[in-house]
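Here is the structure we will look at.
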Amino acid sequence: LDIKEYLKAKRTLIDAHLNSLIPEANFPYAQLFQAARYSLLGSGKRLRPILALAACESLGGDLDNAIIPSCALELIHTYSLIHDDLPCMDNDDFRRGKPTLHKVVPESQALLAGDFLLTYAFEVLAKAPNLTNEKKIQLITILAAKAGSGGMIGGQVMDIESVDKDIGIDTLRTIHQCKTGALICASVEFGGILANADQAQLEILRQFGNEMGLAFQIIDDIRDIKFSQQKHGRQIASDVINKKTTYATLLGIEEAHQVAFQYYKGAIEKLNTLPLKTSYLSKLAETIVCVS
Ligand code: IPE
Ligand code: IPE
Ligand code: MG
Ligand code: MG
Ligand code: MG
């Protein structure tokens with residue numbers, strides 16, 4: 001399978017499971033499910049669940065039992081996007097090829113849809129089929145930590161705090177590591193845990209995830225500038241309007257891309273220390289550093 005076909009196949013698999021995790025409903029609060037489905041289904045690269053599946057596969061794990069836990073990563077990610085786009089945060093009107101959720105439902109309902117996805121992610125993990133309780137607790141603990149104060153939410157706090165401030169590369173790296181890197185790292189860790197990886201293997205996966213998370217956010221910032229129209233439906237980059245410091249604003253697009261590439265190379269070096277068939281994971285990493 002080439003990487004494009006691999007990604008497509010995995011995306012289809014994940015989409016089918018996401019669709020049944022949050023089905024169309026007709027109970028009194030069905031609008032909550034509709035709102036969650038609006039943001040969750042359709043577009044979205046499914047990078048985090050695919051990273052989990054690819055890591056699991058590399059370590060010879062059972063993919064059938066990995067799909068539902070991987071979907072939990074996408075639920076958390078989608079909640080983070082809904083909240084990230086709110087007027088009180090990045091105030092973006094466009095996401096995943098269509099108007100942001102708060103543009104099509106009241107802001108209060110968008111906020112609640114995010115809350116629901118966050119809460120539901122942990123319910124999904126607690127009820128994941130065919131996993132031991134010990135494994136579920138491991139996954140829940142990792143996700144809570146990496147999506148929480150020491151990870152994504154903490155990173156978003158620092159990101160908002162940094163607006164209009166003169167921050168340097170070191171602070172920026174910390175923000176990226178937390179707001180984006182942590183969930184990417186959790187994704188490959190999920191794959192490792194689901195495949196019964198040992199501590200040494202998990203540590204390598206974490207290092208790989210950390211470096212790829214940094215590369216990923218730099219590329220996202222470059223894309224914000226280069227493809228503002230497609231990404232946010234407007235000419236001026238969202239990060240510019242919001243006065244966000246990025247690698248691209250600090251170093252220029254070219255040099256920022258080189259830094260991302262260095263992180264990618266570091267990630268691949270780490271991965272290659274695993275005596276395993278990691279080709280999908282490394283090809284997946286390669287697609288991440290492509291600005292297109
Ligand atoms: C965008 O993530 C937000 C960041 C953390 C940079 P993705 O680029 O993975 O967004 P989707 O899931 O494909 O929409
Ligand atoms: C997103 O960072 C980080 C999240 C935790 C959602 P950005 O704010 O740069 O992501 P985009 O550019 O809106 O997708
Ligand atoms: Mg943001
Ligand atoms: Mg944003
Ligand atoms: Mg961005």
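Start at 1 and go down the list; that is how both ligands and their atoms are numbered. What you see is a predicted model; the values in this text were computed from it and never measured.
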Please report whether the ring centroid of His83 lies less than 6.0 Å from that of Tyr79.
yes
Heavy-atom distances under 4.0 Å decide this one: backbone, side chain, both or neither, for Asp159 against ligand 2?
neither
Do Arg95 and Ser39 have side-chain heavy atoms sitting under 4.5 Å apart?
no
What N/O/S atom of Asp220 gets nearest to the Mg ion (ligand 5)?
OD2
Touching ligand 2 at all, Lys244? Heavy atoms, strictly under 4.0 Å?
no
Presence of N, O or S from Asp221 under 2.8 Å of the Mg ion (ligand 5):
no
If we only count N/O pairs under 3.5 Å, is Asp220 in contact with ligand 2?
yes
Considering only N, O or S atoms, which atom of Asp90 is nearest to the Mg ion (ligand 3)?
OD2
Answer with side chain, backbone, both or neither: which part of Asp90 has a heavy atom less than 4.0 angstrom from an atom of ligand 2?
side chain
For residues Gln207 and Asn210, is any side-chain donor paired with an opposing acceptor at under 3.5 Å?
no
Run the numbers for me: atoms of ligand 2, each under 4.0 Å from some heavy atom of Met152, listed by number.
5 (C)
For the residue pair Tyr6 and Tyr280, categorise the inter-ring angle as parallel (less than 30°), tilted (30 to 60°) or perpendicular (more than 60°).
parallel
Does a side chain donor of either Thr246 or Asp239 reach within less than 3.5 Å of an acceptor in the other side chain?
no
Do Phe33 and Phe27 have their ring centres less than 6.0 Å from each other?
yes
Contact check, side chains of Pro69 and Leu131, non-hydrogen atoms, under 4.5 Å
yes
Heavy-atom contacts with Gln217 under 4.0 Å: which atoms of ligand 2 show up? List them by number with element.
2 (O), 9 (O)
Does Asp92, backbone or side chain, put an N or O under 3.5 Å from an N or O of ligand 2?
no
Candidates Lys179, Arg95, His77; heavy atom nearest atom 11 (P) of ligand 2 found on Arg95
Worked check of side-chain contact (heavy atoms from CB on, under 4.5 Å) between Leu139 and Leu194
CA-CA 9 Å; Leu139 296 177; Leu194 288 160; 4.0 Å; yes
Between ligand 2 and Asp84, is the shortest N or O to N or O distance under 3.5 Å?
yes
The atom name of the N, O or S atom in Asp84 nearest to the Mg ion (ligand 3) is OD1
When you measure from the centre of the six-membered ring of Tyr38, is the NZ or CZ of Lys98 under 6.0 Å away and within 45° of the axis?
yes
